[in-house]
Amino acid sequence: MKPKIRICIAEALNRAHEAGALPSSEWPPIEVEAPKIESHGDLSTNIAMVMAKIQKMAPKKIAQILIDHIEDRESIIARTEIAGPGFLNFFIHPEAWLPRLNEIHETGDRYGASEVGKGVRYQVEYVSSNPTGPLHVGHGRGAAVGDSVANILRFCGYDVQKEYYINDSGRQIRTLGLSVMIRYKALLGQEETFPAECYQGDYIIDMAEEIREKHGDSLLSEPEEEAVLTCARYAAEQILKGIESDLADFGVRFDRWFSEQRLYDEGKVEKTLAAMKERGLVYEKEGALWFKTTDYGDEKDRVVVRGNGQTTYFASDIAYHIDKYERGFDRVIDVWGADHHGYIPRMRAAIEASGQKSDEQFHVILVQLVNLLRGGTPAAMSTRAGEFVTLKEVVDEVGRDAARFLFLIRHYESPLDFDLEVAKQQTNDNPVYYVQYVHARISSIIEKGLERGLISTIEWQEDAVRLLVEPEEIGLIKLMVRYPETVEMSAKNLEPHRITYFLMSLATAFHAYYNKHRVLTDDAPLLTAGRLYLVAAVRKVIRNGLSLLGVSAPEKM
RNA sequence: GCCCCCGUAGCUCAGUGGAUAGAGCAAUGGAUUCCUAAUCCAUGUGCCGCAAGUUCGAUUCUUGCCGGGGGCACCA
């Protein structure tokens with residue numbers, strides 16, 4: 001509908017100019033939007049105000065000239081008005097919305113999909129938690145956001161890869177090995193003090209036990225470093241398996257798991273550093289190798305190789321990101337926790353230095369913290385190592401759908417209160433069920449309609465659909481017509497919560513309709529067929545939106 | 001001190017230059033012999049943190065200030 005009006009306006013502009021009514025043939029992009037207030041019409045444009053200066057005319061006069069030159073070939077416009085400081089409002093014939101229903105049915109799962117991203121390769125990297133412990137709730141939010149953003153981009157025609165970067169190298173992994181080793185020794189009677197920097201969780205002890213079962217006490221006779229390495233490898237592998245399975249239970253599946261260790265094994269980190277040296281991007285100071293990130297806007301230079309010869313994580317991160325672009329991705333999205341924001345300038349510097357346009361080709365989504373609550377009071381989230389609520393616990397308690405939906409209910413830059421009690425509630429308070437309930441309700445109505453033999457198939461019937469005249473019915477269609485642009489905005493801004501909000505408002509509109517009007521009526525078969533066609537469309541849009549969020553659409557609840 | 005995010009109704013938050021700023025929760029009262037009450041309807045609340053600037057027009061963009069959170073290692 002919006003494009004049709006836009007074309008009408010464009011044509012009117014041309015016609016008016018040719019007729020000499022408008023002096024200038026220059027005009028800004030024509031913006032058409034749905035006003036917030038119903039009395040302002042179905043669609044509105046500010047073009048008259050925006051053009052006032054160029055045309056050297058009063059906005060209201062321009063608006064009138066436009067109205068005089070509009071040709072409504074399809075007869076979709078019921079009336080127009082000039083309002084406020086110069087808005088041009090369009091009121092659409094209610095029946096002009098009806099063909100949109102057909103479009104929704106025809107496109108179905110692809111309704112709202114587009115080709116705007118065609119030919120552009122995106123990589124979305126998210127979660128990427130170190131395999132040193134299980135995922136916690138914060139990772140869950142990052143997973144939901146990253147996964148949904150990737151889904152939405154894919155839906156908009158982008159070629160998208162979902163990737164998890166495994167930090168399976170470096171100091172943290174060694175610390176992990178050491179933690180397990182110490183627990184292992186303790187199991188064999190060699191008590192040692194457990195260092196504060198080691199991982200405290202019980203899962204470390206469990207793995208030490210597994211190693212003891214597997215290796216007996218043989219590790220004690222091995223050289224310390226080798227034994228620690230064995231522990232580290234085993235532990236990291238087990239933890240990673242756990243992470244993978246927790247994510248699978250959460251509905252998140254990656255296209256690729258990328259190992260940091262492999263970057264080292266394949267010499268890519270070394271190669272990157274050599275190239276940087278050659279290009280004079282780095283210098284030595286106090287025994288360490290520094291990358292001149294300040295040349296690219298960072299506030300201080302950063303170490304890539306420490307005095308002891310070890311590379312920093314930054315070094316491998318640079319190699320990793322270069323590798324991403326070498327793999328042919330046009331744009332790279334990293335989903336990070338908000339506490340990593342200080343890392344952005346140096347990463348941007350590295351990307352800029354490697355020849356990419358970091359502002360266009362690199363985007364970081366900083367996801368804010370999750371405040372885990374239980375009945376309004378903070379649920380155990382001690383910062384003490386080893387005490388945290390895991391993603392698995394949350395998913396087991398409230399379910400995957402509720403967790404995913406609620407993680408996507410806020411803008412990712414807004415801190416999120418996640419109340420376990422609310423998430424479990426099967427009431428109005430819980431927006432997940434509110435939306436899913438629409439799907440279940442409609443499924444039930446359709447099933448009943450088929451059972452009673454009121455319809456045999458759901459299909460476009462001109463005379464049936466024409467009976468959809470209630471304001472709530474036209475309102476539902478108008479709302480659904482806005483879904484594609486919601487998806488588009490969601491993709492453009494990388495903001496999944498727009499879908500969430502859309503679904504909630506569509507659900508509200510449907511529930512209200514349902515309570516006011518009956519879909520199935522035995523004595524009005526044609527009206528029943530029309531209404532079934534309408535609600536079936538609603539069901540498709542709900543299912544479509546939920547799938548972008550990674551939430552299921554149940555037939556029964 | 002520097003950097004990032006936030007500041008909108010009692011609470012939690014939508015609203016990326018438009019008209020009279022919205023929703024949920026909480027509160028009160030109502031609705032179901034009938035397609036799923038996990039639902040709906042009614043009742044009201046605002047110095048959009050403050051102040052300048054840009055603009056025909058600012059909750060939205062810029063700058064400064066105030067308040068809250070987070071980050072500022074040869075840590076990850």
Side-chain angles (χ1 to χ4, degrees), chain A residues 31 33 35-37 39-40 44-46 48-50 52-53 58-59 83-87 89 129-130 132 167 170-173 175 197 285-290 298-300 302-314 317 337-345 364 366 368-369 371 376 409-417 419 422 425-438 440-449 451-452 454 489 492-493 495 497-498 500-501 504-505 507-508 510-522 528 531-532 535 556-557:
Chain A
E31 285 175 37
E33 59 170 30
K36 284 184 255 183
I37 300 164
S39 64
H40 291 157
S44 174
T45 181
N46 62 356
M49 287 178 288
V50 179
K53 200 171 259 181
F87 288 102
N89 297 337
S129 161
N130 292 350
T132 54
N167 279 115
R171 228 184 59 135
Q172 281 192 41
I173 291 299
T175 305
E197 69 270 20
K285 191 179 84 180
E286 292 158 13
L289 193 67
W290 300 70
D298 198 4
E299 56 183 9
K300 55 175 290 194
R302 309 291 174 175
V303 171
V304 284
V305 182
R306 291 190 274 167
N308 63 9
Q310 286 182 344
T311 50
T312 60
Y313 277 85
F314 183 39
D317 282 343
D339 53 342
H340 285 63
H341 89 265
Y343 209 77
I344 297 175
V364 178
L366 284 181
Q368 282 291 337
L369 299 176
N371 280 317
I409 206 164
R410 300 270 172 262
H411 190 285
Y412 56 78
E413 272 174 3
S414 183
L416 174 70
D417 286 342
D419 197 312
V422 174
Q425 261 173 46
Q426 302 189 337
T427 67
N428 210 354
D429 297 349
N430 195 339
V432 196
Y433 298 119
Y434 185 79
V435 173
Q436 286 185 321
Y437 191 48
V438 171
R441 246 186 177 173
I442 296 174
S443 300
S444 166
I445 294 170
I446 291 172
E447 196 186 339
K448 205 139 281 179
E451 266 174 25
R452 290 195 203 163
L454 295 173
M489 285 298 281
K492 188 178 159 201
N493 298 305
E495 292 172 342
H497 76 280
R498 288 173 184 273
T500 316
Y501 273 88
M504 290 193 288
S505 52
T508 299
F510 172 77
H511 284 313
Y513 173 62
Y514 173 89
N515 273 274
K516 193 164 171 188
H517 303 286
R518 287 194 62 81
V519 175
L520 304 178
T521 40
D522 295 320
T528 298
R531 287 185 171 171
L532 276 168
V535 300
K556 281 188 166 50
M557 285 173 74

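Just so we're on the same page: letters track the sequence lines, and every chain starts at 1. Atom set for the values below is all heavy atoms of this structure, side chains included, hydrogens, waters and symmetry mates excluded.
Picking from B:U36, B:C13, B:A19 the nucleotide with the shortest atom distance to the side chain of A:Ser414 gives B:C13. Side-chain atoms of A:Ala512 lie closest to B:C40 of the nucleotides B:C40, B:A19, B:C35. Among the nucleotides B:A38, B:A19, B:C35, the one closest to any side-chain atom of A:Arg518 is B:C35.
Here the separation of B:G69 from B:U12, taken at their P atoms, is 14 Å to the nearest Å. Going from the C1' atom of B:C11 to that of B:U45 covers 13 Å, rounded to whole Å. Across B:A58 and B:G53, the matching C1' atoms stand 11 Å from one another, rounded to whole Å. To the nearest whole angstrom, the two C1' atoms, one in B:G17 and one in B:A38, are 41 Å apart. For the C1' atoms, the distance linking B:G68 with B:A73 amounts to 26 Å, nearest Å.
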Find every protein N or O atom lying less than 3.5 Å from an N or O atom of nucleotides 67-74 of chain B, and list the pairs.
| from | atom 1 | to | atom 2 | distance (Å) |
| --- | --- | --- | --- | --- |
| B:G70 | N2 | A:His341 | ND1 | 3.4 |
| B:G70 | N2 | A:His341 | NE2 | 2.9 |
| B:C74 | O2 | A:Gly307 | N | 2.5 |
| B:C74 | N4 | A:Glu286 | O | 2.5 |

Listing time: all N or O pairs from protein to nucleotides 7-12 of chain B that are below 3.5 Å?
| from | atom 1 | to | atom 2 | distance (Å) |
| --- | --- | --- | --- | --- |
| B:U12 | O2' | A:Arg410 | NH2 | 2.8 |

Table of protein N/O atoms under 3.5 Å from nucleotides 53-56 of chain B N/O atoms:
| from | atom 1 | to | atom 2 | distance (Å) |
| --- | --- | --- | --- | --- |
| B:C56 | OP1 | A:Lys53 | NZ | 2.4 |

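Residues forming a side chain to side chain contact (heavy atoms under 4.5 Å, CB included) with A:Glu447 (at least two apart in sequence, or on another chain): A:Glu451, A:Lys556. A:Thr508 pairs by the side chain to side chain donor-acceptor pair (under 3.5 Å) definition with A:Tyr434, not counting sequence neighbours. Residues that satisfy the side chain to side chain contact (heavy atoms under 4.5 Å, CB included) test with A:Asn167, not counting sequence neighbours, are A:Asn130, A:Tyr165, A:Glu260, A:Tyr313. Residues forming a side chain to side chain donor-acceptor pair (under 3.5 Å) with A:Glu197 (at least two apart in sequence, or on another chain): none. By the salt bridge (Lys or Arg N to Asp or Glu O under 4.0 Å) test, A:Arg518 pairs with no residue at all, sequence neighbours left out. Among residues two or more places apart in sequence or in another chain, the side chain to side chain contact (heavy atoms under 4.5 Å, CB included) test is passed with A:Lys53 by none. Contacts of A:Ser44 classified as side chain to side chain donor-acceptor pair (under 3.5 Å), with partners at least two apart in sequence or in another chain: A:Asn89.
No engagement by A:Asn167 is indicated, since no non-hydrogen atom pair under 4.0 Å with the nucleic acid exists. Residue contacts for A:Asp317: at a heavy-atom cut-off of 4.0 Å it reaches no nucleic acid atom on any strand shown. As judged by a 4.0 angstrom heavy-atom cut-off over every strand, A:Met489 is placed among the base-contacting residues. As judged by a 4.0 angstrom heavy-atom cut-off over every strand, A:Tyr501 is placed among residues touching the sugar-phosphate backbone only.
If you check distances only, the side chain of A:Asn46 never reaches the base of B:A19 with a donor-acceptor pair under 3.5 Å. The base of B:A23 is not paired with the side chain of A:Thr508 by any donor and acceptor separated by under 3.5 Å.
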Per-residue pairing states of RNA chain B in dot-bracket (Watson-Crick or G-U under 3.5 Å; . unpaired, | other strand) read (((((((..((((....[...)))).(((((.......))))).....(((((..]....))))))))))))....
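Checking A:Arg171 against A:Pro35, the closest nucleotide of RNA chain B that is more toward the 5' end is the one next to A:Pro35. Heavy-atom distances to RNA chain B give each of A:Thr521 and A:Glu413 a nearest nucleotide, and the one nearer the 5′ end belongs to A:Glu413.
Without hydrogens or angle criteria, A:Thr528 side chain to A:Leu520 main chain gives no donor-acceptor distance under 3.5 Å. A:Thr311 places no side-chain N or O within 3.5 Å of a backbone atom of A:Val305 that could act as its donor or acceptor partner.
Under 4.0 angstrom from either OP1 or OP2 of B:A38 there lies at least one side-chain N or O belonging to A:Tyr437. For the OP1/OP2 pair of B:A37 and a distance below 4.0 Å, the side-chain nitrogens and oxygens of A:Tyr514 include at least one atom meeting the criterion. In terms of phosphate contacts, A:Lys36 brings no side-chain nitrogen or oxygen within less than 4.0 Å of OP1 or OP2 of B:A21. Regarding contacts with the backbone of B:G15, a side-chain N or O of A:His497 is found under 4.0 angstrom from either OP1 or OP2.
Rounded to the nearest 0.5 angstrom, A:Phe87 CZ and A:Thr45 OG1 are separated by 9.5 Å.
In this structure, A:His40 forms an aromatic stack with the base of B:A19, since both conditions hold: centre separation below 5.5 Å and plane angle below 30°.
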Could you pull out all donor-acceptor pairs under 3.5 Å where a side-chain atom in residues 338-345 of chain A meets a protein atom, sequence neighbours excluded?
| from | atom 1 | to | atom 2 | distance (Å) |
| --- | --- | --- | --- | --- |
| A:Tyr343 | OH | A:Asp317 | OD2 | 2.9 |

